[in-house]
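Below: one structure, written as structure tokens.
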Amino acid sequence: MRDSCARVVYGVVAVDFYFSAVRMAFKRALIFLGPPGAGKGTQSKRIAQSCAVPHLSTGDMLRDAVSRGTDLGRKVKPIMERGELVPDNLVMKMIEERLDRQDCTGGFVFDGFPRTLPQAEHLDRILDRKGFGKPIVVEFDVGPEKLLRRLTGRWTCSVGGEIYNVDDAPPKVAGICDHDGGKLIQRRDDRPEVVKDRLAAYERQTKPLTEYYRRQGVLDTIDASASMDEVSRALAKIVKCAQGCDGRL
Ligand code: AP5
């Protein structure tokens, strides 16, 4: 247990040196739980880059399969367009194959996985088999109005996947990615009528995982309605704290 660590981090101390400490010692599975638009993708890209570990987004993997027109992509396209979750067996096979790759031996950041109890139980077994300790799990807490505003204002680079927002993180030139000049696109499942169903799926199928991980003593909750930098600092604090307290890293 991380007795000395706050379980709910709402006040954030402005201490940038946390990131350097995290960078030196990251070797765990980090799981981000949270509703659509909570900022999981934004923060996982940042922390994965800082810590030089893979960012494993099941949403990105599935969208890639759809855009390449693979068998998997053809199966999941209509499901994703309705805002429903893809069946567990398809997601678990995809993630298991990804975790077998060499770049995953030193730790990774999950974005959007696990999303159901069977996925979480399956992941526990994989982590155990691969000799990882308990994951670090962070719940992103954001109210529904802000989620809708973030999702309808989101634009994503069609080349590198960089995430922008017309209100909070606009590109320098409208419609063009600052990093690689790629065209910015809006996700089909960010239409308000689909967002409603995605939020419902989160409440019904994914939210119960917070209790699953709370019982294991590995869950922290952050106020993800704060600015992107404040959320990053809160996350860095949690990860550093988790590393220090169980002494495995
Ligand atoms: P997925 O791609 O995982 O989408 P999601 O979980 O719905 O999450 P989002 O990507 O919409 O939001 P996010 O939390 O990453 O927010 P972001 O950082 O982009 O899943 C899509 C679909 O794939 C699912 O519906 C399902 O069908 C399928 N799927 C995926 N995984 C699955 C699984 N494991 N099992 C079954 N099915 C699965 O930020 C949003 C916006 O807000 C951006 O514009 C960003 O710039 C802005 N923003 C972020 N943080 C802040 C901040 N702090 N302040 C202001 N603006 C911010």
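Just so we're clear, the structure is a prediction, and the values are computed from it rather than from any experiment. First listed ligand is number 1; within each ligand, the first listed atom is number 1.
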Quick check: are there more than 12 heavy atoms from other residues, nucleotides or ligands sitting under 6.0 Å from NZ of Lys130? yes
Using a 4.0 Å cut-off to any heavy atom of Gln119, which atoms of ligand 1 qualify? 33 (C), 34 (N), 35 (N), 36 (C)
Donor-acceptor pair, Arg46 side chain versus Ser232 backbone, under 3.5 Å? no
Among the heavy atoms of Leu151, does any lie under 4.0 Å from an atom of ligand 1? yes
With the threshold set at 4.0 Å, does a side-chain nitrogen-carboxylate oxygen contact exist between Arg198 and Asp189? yes
I'd like to know if the side chain of His55 pairs up with that of Gln49 as donor and acceptor (distance under 3.5 Å, no hydrogens or angles considered). no
Quick check on contacts: which atoms of ligand 1 are under 4.0 angstrom from a heavy atom of Ser227? 53 (N)
Report yes or no: do Gln43 and Asp111 form a side-chain donor-acceptor pair below 3.5 Å? no
What's the shortest distance from atom 3 (O) of ligand 1 to any protein heavy atom, and which residue and atom give it? Arg115 NH1, 3.0 Å
Between Arg233 and Glu230, does at least one N-O distance fall below 4.0 Å, as a salt bridge requires? no
Electrostatic pair Arg125:Asp128 at N-O distance under 4.0 angstrom: no
Just need the protein heavy atom nearest to atom 19 (O) of ligand 1, so name the residue and atom and give the distance. Arg154 NH1, 2.6 Å
Is it the case that Ser227 and Asp229 place a side-chain donor and acceptor less than 3.5 Å from each other? no
Taking only heavy atoms of Gly41, which atoms of ligand 1 are found under 4.0 Å from at least one of them? 13 (P), 15 (O), 18 (O)
Is Met61 near ligand 1, meaning one of its heavy atoms is under 4.0 Å from it? no
For atom 4 (O) of ligand 1, grab the closest protein heavy atom and report residue, atom and distance to one decimal in Å. Arg187 NH2, 3.2 Å
Are Phe113 and Phe32 near enough that their ring centres are under 6.0 Å apart? no
Output the list of atoms in ligand 1 that are nearer than 4.0 Å to some heavy atom of Met80, sorted by atom number. 22 (C), 23 (O), 27 (O)
For the residue pair Asp220 / Tyr213, report whether a side-chain donor-acceptor contact shorter than 3.5 Å exists. no
Can you tell which of Phe113, Tyr164, Trp155 gets a heavy atom nearest to atom 44 (O) of ligand 1? Tyr164
Electrostatic pair Glu81:Lys77 at N-O distance under 4.0 angstrom: yes
Please confirm whether Gly34 approaches ligand 1 to less than 4.0 Å, judged on its heavy atoms. no
Please confirm whether Ser44 comes under 4.0 Å of ligand 1, counting heavy atoms of the residue only. no
Out of curiosity, is Arg63 lining ligand 1, as in a heavy atom under 4.0 Å away? yes
Counting only heavy atoms, tell me which of Glu162, Met228, Gln205 gets closest to atom 57 (C) of ligand 1. Met228
Check this for me - ligand 1, Gln43, N or O atoms closer than 3.5 angstrom, yes or no? no
Intermediate values then yes/no, side-chain hydrogen bond (donor to acceptor under 3.5 Å, both in side chains), Thr116 and Asp88: CA-CA 8 Å; Thr116 63; Asp88 287 336; 2.9 Å; yes
Quick one: look up the protein heavy atom nearest atom 29 (N) of ligand 1 and list residue, atom name and how far away it is. Leu62 CD1, 3.5 Å
Tell me whether ligand 1 is touched by Ile79 - counting only heavy atoms on the residue side and a distance under 4.0 Å. no
Which residue supplies the protein heavy atom nearest to atom 26 (C) of ligand 1, what is that atom called, and how far is it? Glu84 O, 3.5 Å
Hey, is Asp64 close enough to Arg68 for a salt bridge, meaning N to O under 4.0 Å? yes
Counting each atom of ligand 1 from 1 as listed, which ones have a heavy atom of Arg198 under 4.0 Å away? 4 (O), 5 (P), 7 (O), 9 (P), 11 (O)
heavy-atom search around atom 43 (C) of ligand 1 in the protein gives Ile163 CG2, 3.5 Å
Residue and atom name of the nearest protein heavy atom (relative to atom 8 (O) of ligand 1), distance in Å to one decimal: Lys40 NZ, 3.2 Å
Check each of Ala226, Ala38, Gly39 against atom 53 (N) of ligand 1 and report the one with the nearest heavy atom. Ala226
Measuring from Glu162:CD to His179:NE2, what's the distance to the nearest 0.5 Å? 3.5 Å
Atom 12 (O) of ligand 1: nearest protein contact (heavy atom, Å): Gly37 N, 2.9 Å
Residue Lys45 excluded, over 12 heavy atoms near NZ under 6.0 Å: yes
Taking only heavy atoms of Asp168, which atoms of ligand 1 are found under 4.0 Å from at least one of them? 55 (C), 56 (N)
At under 4.0 Å between heavy atoms, which part of Val91 makes contact with ligand 1: side chain, backbone, both or neither? side chain
I want to know if ligand 1 touches Gly112 in the polar sense, i.e. an N/O pair below 3.5 angstrom. yes
